[in-house]
Structures are given as structure tokens and as C-alpha cells.
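Single-structure report; data block below.
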Amino acid sequence: MPSIKKPAVLHPHLRPNEIGLTVRDYEGSMSTLCAGCGHDSITAAIVKAFYELATPPHMIAKLSGIGCSSKTPTYFVGGAHGFNSAHGRMPSIVSGANAANKSLQYIGISGDGDSLSIGLGQLAHVIRRNVNMLYVIENNGVYGLTKGQFSASADVGSKSKKGDANQYSPIDPVMLALNLGATFVARSFSGDKAQLVPLLKAGLSHRGFAIIDVISPCVTFNDHEGSTKSYLYTRKHLMQVVQSDFVPHAEEITADYDAGSATSVTLHDGSVVRFTKVAADYDPRDAKKVSAYLQEHQGKGEVPTGLLYLDEDRADMHEMNKTPDAPLTQIPYEKLCPGSAALNKLLEEYR
Amino acid sequence: MHQERIVRVNDFALKLANVNGTGSASANGLLMQAIFRMGIPVSGKNLFPSNIQGLPTWYEVRVNKSGHTSRALEYDLIIAMNAETYARDVKEVRSGGYLLHDSSWPLDASLARADITFLGVPLAAMCNEIFKSSRERTLMKNIAYLGALVALLDVDMEILDHMLEEKFSRKKPLLESNHRALRAGFDYAKSELECPLPFHLEKMHATDDRVLIDGNTALALGCVYAGATVAAWYPITPATSVMDAFKGFCEEFRKDPETGKNNYCILQAEDELSAIGMVIGANWNGARSFTSTAGPGISLMSELIGLAYYAEIPAVIIDVQRTGPSTGMPTRTQQADILSCAYASHGDTKHILLFPSSPEECFYFAVDAFDLAERFQTPVLLLSDLDIGMNDWVISRLKWDDRYRPNRGRVLTAAELEAMPKFHRYSPENSDQVAARTLPGVHAKGAFFTRGSGHNKLGVYTEIPDEYQEVMDRLARKHKAAASAVPAPIIRNQPDASFGIISLGGCDAAVREAVDALAERGIIADYMRVRGFPFDDRVEAFLAAHERIFVVEQNRDAQLRTLLTMETSVKKEKLRPILVYGGFPLSSRHVIDGVTSQLGHLEG
Ligand SMILES: Cc1ncc(C[n+]2csc(CCOP(=O)(O)OP(=O)(O)O)c2C)c(N)n1
Ligand code: SF4
């Protein structure tokens, strides 16, 4: 991606995290996206999330497909390994990478075009495999990079910049993920950093597949009146159904979770997500109810946000395949090759 | 009609005409294996339809004491077990040959031939008498004709008995049924027919140190020995059994005895787009990873093969070729993916190809493929085909050198990175034109951005013409550098040769036999079998040294010939195609006829 290097000016009062890095260490090169693009706000939230989690940058693998959104990995955690792949194919590449080395922290960044049209098959199957990763859809309802065509997430009746109305029913990544059995499903808004950062952190700490659909307005092609993915529309229709705090494992977990309407879930790595219910009767662990709730509210034009569904019990791809605890790439060749004696013995079966 | 009785030992061909799904594969396989265990060179070709049940299927067995194992086109004996193809089968018996049929029913007089001998065995009647269930009656007819063949051909009954014991050691009732059916066929033939036939078997020792194995199994074994840990695939004939075998071997050799965990991960992808993506992801992370597919899969994988080429990520792609275009004939063989593999993907791409000719080379080339992919940081496509992959071949015992260590290519270690001032992905290059790479998670200094978009020699995004071209030019040089690293061509020069023949892969057995047969007629040819692409100097030299060269391959458009004309300095007119692409394995006769007719044409 075209990128402009950021000047390395260090603010003397930047607070280092547990591994001694400041938030600057989690930035990438300067964005070349349009000024005001929602994707840049998500980038900033990702920077904050990794900084707060104190993840060693070189242990992060950031992968993407093609699109404006897929350019963003260049703009965060410069010290991470990046892979800007092909349109819609990021999920398979993460799956293989993850199969080889389970010890990295995987984050995939995609767009609604990348994920819901050309890449819909791969998205569906990375969910089925419960690959341990955080999958972020930067959802703007249009194809940004190819200049303004409707994407598969555009709502019926939503208007393009030229004024055409979309006729095709949208694919909602949240409903899709729920139906396919994703184990962590969230939605947020690029303009709501307070909500997005804890969600990103929880998604990164979740064992298994975590997806966050982030409404991310395209200021150039989809931020006008008549668009249902504009800043104005989203701000008006946003509703938080659960409020979630994320408490990383490293911090002592002593807070009183059972007070009032709060519930907490301990993630696989020991971190805790604390839900505070904003909507009455909302249970983020009952897939059927979540689905019914979302359908009801989306029907009214509302955009429910928050950590909408969570299942910490399902086995991830590695558990299903019974791979060892250490990454496959760390098994020495001597252990992988059966050797000549075994071959000679085996060949007796081919006599 | 009385024919002169010429006895031929260990030199004849049979064809068994069956109905798909009636259990004949097992009987035919037993026959082939028994001959092999008698120490006699033998080959079996399964000519089967793309269907599960009911359509005609043939199995050809060629016995040849000199070791020629390509397909026969003329049969000394046909076992006609499919009424639907009877007329066709009767025609294919050579004059003076034999036809074995089920005499439970009278023969249609219109099918009679005076120059062949009909051997009737009442197979159905016998089995109806011995067995109660209709399923057993159908299945055991195959074993009963096998019994008759044991008598007619002098198959060693002890060997066959032993094989049945091995096969059904845990299914005693089945073993018993098999024995009874076998005996019934045998006894009938012994008492009613002239046994043995003038062509028959005698024990030899030509296969004592050999094995009987199919190419897909050997390939899978090669992948295990190469140290592949991640495999991703989508089912397709004729490549599926590669992954089936890989899984089997992994379960046998790769389970950690202490923890019970799997030191491998096999992912059945949702399609080939995804399978190749997984392979690329795994290789990017440093695992040896591969996929196996056929032509339709190569079409779908092409997009990401281009990504791996440009981003310089190793990947091993096994293409067990079948007939195309499109779905083609899924269970028939061809060599028609040569060009689509050589240049798979859009833009200027060129890949390393390997062309094994037998299961033996499938095993060794699988290991080479991983070494080449990592050494040159690029996709390597191994082109087998259905004939090699799904038929059993008699090959030398596979050998393994325990000193082998994978060639991982230029991968920087944490210590090397620590000592470096700065790491840049695509420079500096070594004499292979390969730059060092780093693996994610190894060291902070090794982090970089992999991209399929324009980049310069430092790995940075670019749209500057010179910077882009610099990388593209190096990639071309890198591909050239691989010429001396791929398996060298095998060249057989003969004194007084008047022309050359070039071929590849599964054609080899037929071409070698043809070269010998032509020599007996005084037509002397040099022969070169190419085993890898890019082509090296020896290929150029062979092309330069001959005025006239026949290129034998199994596709309509002379793809190997095209590749040679595009990638070497040879003049197109020099290369004369001999093309057999109907979907069945090549026979030496195709080559002999192709050469002689063209020579006559050229001379006359
Ligand atoms: C195979 C293929 N087809 C088409 C394209 C062209 N293309 C590039 S980006 C893009 C759409 C991106 O849209 P989206 O994923 O929504 O991301 P956004 O730009 O809106 O962030 C398309 C169609 C491509 N790169 N590859
Ligand atoms: S075109 Fe839209 S999506 Fe792309 S950078 Fe500009 S605002 Fe963002």
C-alpha cells in the first residue's frame, strides 16, 4: 500500500505498557485513506487495543484482503508481520498460517465487499472452523476502492452517491456469523472508540473465532443523505444492547461482578469480559434469543451494538485437529520423518 | 480352427471386461498381485468410468518378462463379464487368442469368431449353487473367474491362498466364501478346459526387490518424508487418494506416542481457492505445506499461485492430471495441464514444474518439490497423472537416506536478525537470485509486509516503473536459475541415431519400449525425457543435436512442444508432435505407429 512514514517524535510523557512500549510503538505508517474515513478511526482503536494488551508486536500477524479497509494493516503496529493478500482470500491464508503456528496473535481486516461478496465462502468456512483469530469487517456498505458500487451489506433502498437505490436485500455479517456458529460476535461503530477498544481486546483474547462488524462510513462514496451507513444515520440509530468491559488477565480480577445487572465471562486466557446489560433480558450466551432480539430491532432500523454473542466452550480448529500444544513449525524434522527403517518395514505391505 | 501352438512364458496381455460396482476390482487386483509375487514383471491398468455403479469398466494386465509395462492394445485373452460390451470385447482378442465367458447362458451366435477360442465357464450357475445371498452370488463370480484363470495361466495357488489369508484374516466367513469360489473356478477349468494355455506364467525373480504401488500413495509418502505438516485440499478425482494416503501415513507415523497429539494438520477446504490459500498461509509461517488437485483445481488456484509467485512464498501443488477441458473425463488420463501450470495466473508468471514418470519418481520428486519451493521461495507444481497416480506399478524399492535434511532455503534465524542492522525482504539476492526471508514471530527485526501488490527490492509498496521492473527481472532470473536445480533430463543416445524423441511423465514406459522395438527394425532414435521445467542446457543441447525430433505427449495441442518452442531456441518446425489424448494410457504401439508413419511421410 502507498504509505508515508510517520516522523518518530516521542512524547516524553507517553506511558509505557507492561512490556515497556508506548502507544507510538503500536502505530504503523501514515494513512493514505481519505480524510475522515471511518477505517482510520478503527485503526486508532486497534492501536490502542494492542497497546493496552501489551502484545509484543512481532507476535502479531495482521492479514487482509483487498480494498480500502484491507489497506489499514499498514497503518497499525508497524512491527507486526503483515500480509496483504488477494480480494476475499484472507480467511484461507489466516487458516493455513494459524495451522502452522498457533502461537501468534492473528488479526484479519476486511471490508464488506471483501467479506460478503467475493469472500463470502471463505468467511463462512473460517467461522465453521473456529479459527482462533479476530476478524474485523470495516463495513461501509460500498466498494470504496473501486469507487462507490453497492456492496452486499447495503440496505434495501439505501442510495448511492449517484442517487440509485439499492434493490437487493443485504447480507448482515452479524446474523451470518451467529447462524454459522461463530463463538464471538460483536458489532460496533468506528466513531465509538469507547465501545470499540474493549471489544477489540476481548475479541483478541477470545479463544476461537471472534468477529466484529464495525460500521465504518465511507466519507467519499457513502456518507450522504439516503445512505444507511453514513455517520449521521449510524449515530442516530445506534443502540447499545450490552455494555462490556474487558479486564485483561494480567490485572488482578477482584471487581464485584454480580452486582446489579452485570455478568462476567472468563476468557480462555484468564481475561474477563464483564457485561452490563443495557437492554433488559439480554443474554449474550443464548444464540436463539440473540438472533430473535437482533431481528426484531434491526427490523425497526436500529443498529444494536456491543458484544452480542459469546461461547467460550467450543473447540477451536487446533483442538478439533488434535494438534500439539507447541506450534507445528517448532517440531524438529527428526520427529517428523519416519526414517529408512520405517520405510523398509512399510514397503513390505506393498509386496 | 487349429492354430499352431506356440508356447509363450511370461509374455502376454489380458483384458477383463466388467461392470462397475460388482466387486471385480478386488479379483483383478489379486490376480495382478499374485503375478507380481511370482516374481514376474506385470502392470495393471484400470480403465474405469466416472460413475459408481453399472457402467463398463476394464482392467488390463500385461505380463512381460523383459519389464515392459506400458499398455497393450492387443489381447491374448479377454475375460468377458459384461454383456453390454461383449461385441466390442470379442473384437479385441487377437487372432488365435482366447475369450473366457460365463457359459451359464448360451452364446449369441452372431458374436462368434472362428479365429479365436471360446472358453466357457458356468460362473453364475456355479455361484448360484454354492451361495445363498444374491450379493454373494454376484461378488463371488469374480473370484470364480479368478479361479479359472489360476488354472489357465498357471498362477501359483499357494501364493493366492496366502494373499486371501492376509486379506481376510479378520473376516473368516468371507475367507471361506472366497476359497470356495476360487476352487470352483479352478476345478472346472482343470477338468473341462485345456490347462494351461499356450501363454502362461512361470515363477521368476525379477520382482524380488521390488514393490507394487500407485503414484498417489508414493507421492503422499514423499510428502511425509519431506516433513510436510500442513496439507489443505478439496476432493477431486484422481487426486483424492493422495490426501487419503497422506492422512493414513500421518496417523501411522505422526501421532505423538506420549501425548496422542497429531504432529500434522490436514484441512479439507471448502474449495480450491481456499486450499491454496491455506497452503500459502502455512508456508508463509514456515511450515512445509502442500495441496493435491487436478486440472479444475489448478484453474481455481491460479489467482493465488500468482500471489505466491510474486510475494515469493513457497508452495507445493500436486496436480494429478486428468482429461480436460472443463470437467472433461474425470477418470481418464491426460497430460494437458502443462501450459496452464507453467504460466498459472495473470501477469508475467512462470513456475517450476516437475514431471515424474512413475510412483518411484513421485516419491523422490515430492521431496524435491519441497526443497525447490523453499530454496527458490516460489510455487512448485508437480505434474503426475491418473495413470501414474491410480494404477499400481512395479517399481524398485524406495530408499531413504537418513542423512537427508530439508533445504529450507534462506530463512533468517533470530540470532542472524539480532546481528543485522536492518532487514529488507527482497534483497540482497544470492546466486539463485533469492533473497532471505523471515518467519513471523521469530524476531522483532524480521517483521515486514507481504503483499501481492507492486513492491520494490526492499519490500516497500511501489508504483515506480524502474523499481517494479527490477523485482520482475530478478524473478525471471530466479526462474532461470532453477533450471539446474530441477531433476535433469534423462537422455539415451544411441550410435547411428537418425532422429530424436522427447517425452515426459507417464509416457516414458511406452516410449522406451517403442525405442527398443524401433531399433530392432533398424530405426534408431535418441530419447530424452524431460523431468523438470525450466529447461536446462542439456535440453538445449539435445534440441540442437537433432535435425528431426518427435515430441510424444498426451494432449491435443502439443503443450510440451509449445513449451519447448517458447522456452528454448529450438525452431518449431523441427519438433514433430505425436499426440495421443483419448484418455487411456499410452501404448508403445502408438509411438511406433506415430514415428513410422511420419518417417514414411517425411521420406516419401
Ligand atoms: C479478483 C478481484 N476482483 C476485483 C478486484 C477489485 N476490487 C478491489 S477492492 C474492491 C472492493 C473493496 O470493497 P470493500 O471490501 O467493501 O472495501 P472498502 O474499499 O469499501 O473498504 C474490488 C471489487 C480485485 N482486486 N480482485
Ligand atoms: S473511498 Fe471511502 S472507504 Fe476508501 S478511503 Fe475513502 S472514505 Fe475510506
Side-chain angles (χ1 to χ4, degrees), chain A residues 1-3 56-61 63 66 73-74 78-86 88-101 103-104 121-122 124-125 128-129 317-318 321-325 327-329 331 333 335-344 346-347 350-351, chain B residues 37 211-213 221 224-225 227 229-230 232 253-254 256 259-267 269-271 273-287 289 303-304 307 397-402 404-406 439-444 446-453 461 463:
Chain A
M1 292 305 103
S3 56
H58 76 285
M59 294 306 285
I60 298 169
L63 297 96
I66 296 290
T74 325
H81 292 263
F83 196 147
N84 195 201
S85 65
R89 316 289 183 233
M90 173 269 284
S92 64
I93 293 178
V94 188
S95 303
N98 194 306
N101 185 352
S103 70
L104 301 175
Q122 296 212 345
H125 288 272
R128 281 184 68 227
R129 279 184 202 101
M317 180 180 78
H318 279 283
N321 283 289
K322 296 201 181 63
T323 61
D325 296 337
L328 287 175
T329 46
I331 303 168
Y333 173 73
K335 240 183 148 170
L336 297 174
C337 179
S340 60
L343 182 64
N344 288 335
L346 177 79
L347 289 176
Y350 295 88
R351 286 279 313 156
Chain B
R37 287 200 186 176
V211 289
L212 192 61
I213 194 169
L221 200 55
V224 171
Y225 274 75
T229 50
V230 178
F253 296 122
R254 288 279 186 76
D256 193 312
T259 61
K261 295 276 177 79
N262 297 332
N263 287 335
Y264 63 92
C265 184
I266 300 172
L267 298 169
E270 57 273 26
D271 52 35
L273 305 170
S274 182
I276 184 69
M278 291 170 176
V279 169
I280 290 170
N283 273 296
W284 175 69
N285 253 350
S289 171
E303 178 198 38
L304 288 191
L307 170 74
R397 264 175 178 274
L398 303 171
K399 291 195 184 67
W400 187 252
D401 181 352
D402 287 318
Y404 167 84
R405 286 297 171 275
L439 301 178
V442 169
H443 192 281
F448 72 99
F449 223 102
T450 301
R451 45 167 62 85
S453 48
Y461 181 88
E463 294 181 13

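The model shown is predicted, which means the values in this text are computed figures rather than measured ones. In what follows, every chain begins at residue 1, and chains take the letters A, B, ... in the order their sequences are listed.
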What pair of heavy atoms forms the shortest contact from [X] to [Y], and how long is it?
| X | Y | answer |
| --- | --- | --- |
| B:Gly441 | A:His81 | N-NE2, 3.3 Å |
| B:Pro440 | A:Asn101 | O-ND2, 4.0 Å |
| A:Asn321 | B:Leu267 | ND2-CD2, 3.9 Å |

Chain B contact via [X] - side chain, backbone, both or neither, heavy atoms under 4.5 Å:
| X | answer |
| --- | --- |
| A:Arg89 | side chain |
| A:Leu347 | both |
| A:Met90 | neither |
| A:Tyr333 | side chain |
| A:Leu63 | side chain |
| A:Pro91 | neither |
| A:Ala99 | both |

Self-check item: All salt bridge (charged side-chain N to carboxylate O under 4.0 Å, His left out) counterparts of B:Asp402, not counting sequence neighbours
Solution: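 Partners of B:Asp402 under the salt bridge (charged side-chain N to carboxylate O under 4.0 Å, His left out) test: none.
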
In terms of heavy-atom proximity below 4.5 Å to chain A, should [X] be classed as side chain, backbone, both, or neither?
| X | answer |
| --- | --- |
| B:Ala232 | neither |
| B:Arg397 | both |
| B:Thr259 | neither |
| B:Tyr264 | backbone |
| B:Thr229 | both |
| B:Leu304 | side chain |

Quiz prompt | A:Arg351 side chain vs B:Arg37 backbone, donor-acceptor pair below 3.5 Å | solution = no

Quiz item: Under 3.5 Å, is there a donor-acceptor pair between the side chain of A:Asn84 and the main chain of B:Phe449?
Solution: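 Checked: no pair found.
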
For residues [X] and [Y], determine if any side-chain heavy atom of one lies less than 4.5 Å from a side-chain heavy atom of the other.
| X | Y | result |
| --- | --- | --- |
| A:Leu104 | B:Asn285 | yes |
| B:Asp256 | A:Pro324 | no |
| A:Tyr350 | B:Leu221 | no |
| B:Leu273 | A:Ser92 | no |
| B:Val224 | A:Pro338 | yes |
| B:Asp271 | A:His125 | no |
| B:Phe253 | A:Leu346 | yes |
| B:Trp400 | A:Cys337 | yes |

Quiz item: For the atom pair NZ (B:Lys261) and CD1 (A:Ile331), what is the distance rounded to the nearest 0.5 Å?
Solution: 11.0 Å

Quiz item: How long is the gap from OH on B:Tyr225 to CG on A:Leu343, to the nearest 0.5 Å?
Solution: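 Going from the OH atom of B:Tyr225 to the CG atom of A:Leu343 covers 4.0 Å.
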
Self-check item: Selection from A:Pro56, A:Ala124, A:Pro73 maximising heavy-atom pairs under 4.5 Å formed with chain B
Solution: A:Pro73

Quiz prompt | side-chain contact (heavy atoms from CB on, under 4.5 Å) evaluation trace for B:Val230 with A:Leu328 | solution = CA-CA 8 Å; B:Val230 178; A:Leu328 287 175; 4.0 Å; yes

Quiz prompt | Residue from A:Gln122, A:Arg128, A:Arg129 passing side chain to side chain donor-acceptor pair (under 3.5 Å) with B:Glu270 | solution =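 So the option named by the test is A:Arg129.
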
Self-check item: Derivation and outcome, side-chain contact (heavy atoms from CB on, under 4.5 Å), residues A:Ile93 and B:Leu307
Solution: CA-CA 11 Å; A:Ile93 293 178; B:Leu307 170 74; 4.0 Å; yes

